[in-house]
Amino acid sequence: MADIQSGGIRIQHLYKIFGPKAASHVEAVKNGMSKADLLKETGHVLGLRDINLDIPAGSIQVIMGLSGSGKSTLIRHINRLIDPTAGEVLIGGVDVCKMGFRGLREFRRRQTAMVFQKFALLPHRNVLDNVVYGLEICGVKRSESVATAMRWIERVGLKGFEQRFPNQLSGGMQQRVGLARALAMDAPVLLMDEAYSALDPLIRMDMQSVLLDLQKEIRKTIVFITHDLDEALRLGDQIAILRDGCIVQQGTKQDIVLRPADEYVTNFVKQVNRGRVVCVESVMSPSRLGVASAGNQVAAGTTIEEAISMLTHNPAIEQLTVVGSENQPLGTVNLRQLACALITSEEGCDASRMPAEELGRADAPVAVSRV
Ligand SMILES: Nc1ncnc2c1ncn2[C@@H]1O[C@H](COP(=O)(O)OP(=O)(O)O)[C@@H](O)[C@H]1O
Ligand SMILES: [Mg+2]
């Protein structure tokens, strides 16, 4: 059980086929039968094909994809609302699919919490009693559960609204209640299936900030589903992109934006403001070992937009030295390199395609990915 607590998730060779004889079609799917052929020839629907995903404890994994790509099917395997046709779902090393009825019930109550798109609040209960609800079911004493609930209500910014009923709250406030209710359970895994998709854009950004702020402290393993790329890039430590039940790419936001795996991903990232996503170390000219550059420094992890702002506010500075966590110089970057990185290669200018001399040295490896 202690192992489960750690909350890391590993999904291995997961397949889901919907239909009465699902298991008998796994081999055909493993041998490459397409979703369309499976449906045409057998009447079965391919939900997921060979999903492999490692989600470190305490990180935010975003799952992205168009409608029908399998996002909900995937997240529902994590608390086994759906049984896989083949494969494993390990939480803290324990296979969820092998749990018995009681083990599964305990696991769902104590190890995972969900936040729903449509809030799913109980209409006849006020805010406090909605947040207390899960604790009540687990048999926590009223005084204790109220104290816990009040703490989370305050943390999501709803202090003073404890006695209101859901129909007296805006959508954003209702989702804050949903989040407080999930967090009150103190489960290591938080599952959020399009939790913010029904919210207006500004409220949605507010809620993203609330989650990011809280996460600094709570360090939950969060699986967050969205079909919105901006949301994915803002929240995800790791992003996985689903198409027709397959993961077509997984990686950091930099990986996805700078090196989209195929046209489907390219179409997703086309409209992205790269300046807010790509970091200076991805476009710098790496330093020769031991050569410390003088001048103004910028920390690795700084976005291109921030670096451009530094340079344009200080016209006397021609380039910045990118430094690592121990202040060691990693490379240099100038305004031209930064500006080029904003433009996609399709449009003809890409820092990774600039001639080496532009990058300041003859033997410069030109693009360095951030790990
Ligand atoms: N219970 C079910 N029975 C049959 N097909 C299903 C079932 N649930 C989902 N599907 C199908 O699986 C695919 C993925 O669905 P879903 O996971 O809901 O996608 P998403 O959440 O990305 O919109 C779709 O083709 C959907 O029609
Ligand atoms: Mg869905």
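What you are looking at is a predicted structure, and each value in this text was computed from that prediction instead of being measured. When a ligand or atom number is given, it counts from 1 through the structure's own listing order.
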Atom 27 (O) of ligand 1 touched by protein heavy atom at under 4.0 Å: no
At what distance is the nearest protein heavy atom to atom 15 (O) of ligand 1, and which residue and atom is it? Thr73 OG1, 3.7 Å
How far is atom 23 (O) of ligand 1 from its nearest protein heavy atom, and which residue and atom is that? Gly68 N, 2.7 Å
What protein N, O or S atoms come within a distance below 2.8 Å of the Mg ion (ligand 2), ordered by chain and number? Ser72 OG
Taking the side chain as everything from C-beta on, heavy atoms only, tell me whether Ile11 gets closer than 4.5 Å to Ile78. yes
Within a distance under 4.0 Å of any heavy atom of Lys35, pick out the atoms of ligand 1 and give their elements. 13 (C), 24 (C), 25 (O)
Atom CD in Glu281, atom CD in Gln254: separation rounded to 0.5 Å? 6.0 Å
Are any of the side-chain nitrogens in Asp228 or Arg234 under 4.0 Å away from the carboxylate oxygens of its partner? no
Count the heavy atoms of every other residue, nucleotide or ligand shown that sit under 6.0 Å from CZ of Arg80, and state whether that count exceeds 12. yes
Looking at ligand 1, would Ile225 count as a contact under a 4.0 Å heavy-atom criterion? no
Counting from 1, what ligand 1 atoms have a heavy atom of Leu66 closer than 4.0 Å? 22 (O)
When you measure from the side chain of Glu88 to the backbone N and O of Asp95, does any donor-acceptor pair fall under 3.5 Å? no
If you define the side chain from C-beta out and look only at heavy atoms, does anything of Arg105 sit under 4.5 Å from Arg109? yes
Numbered atoms of ligand 1 (with element) below 4.0 Å of Ser67, judged on heavy atoms: 23 (O)
Any side-chain donor near an acceptor of the partner, Ser209 and Asp206, under 3.5 Å: no
Kindly indicate whether the side chain of Met185, heavy atoms from C-beta on, has any atom under 4.5 Å from the side chain of Arg110. no
Side chain, backbone, both or neither: which applies to Asp193 and ligand 1 if a contact is any heavy-atom pair less than 4.0 Å apart? neither
Flag if over 12 foreign heavy atoms under 6.0 Å of CZ, Arg125: yes
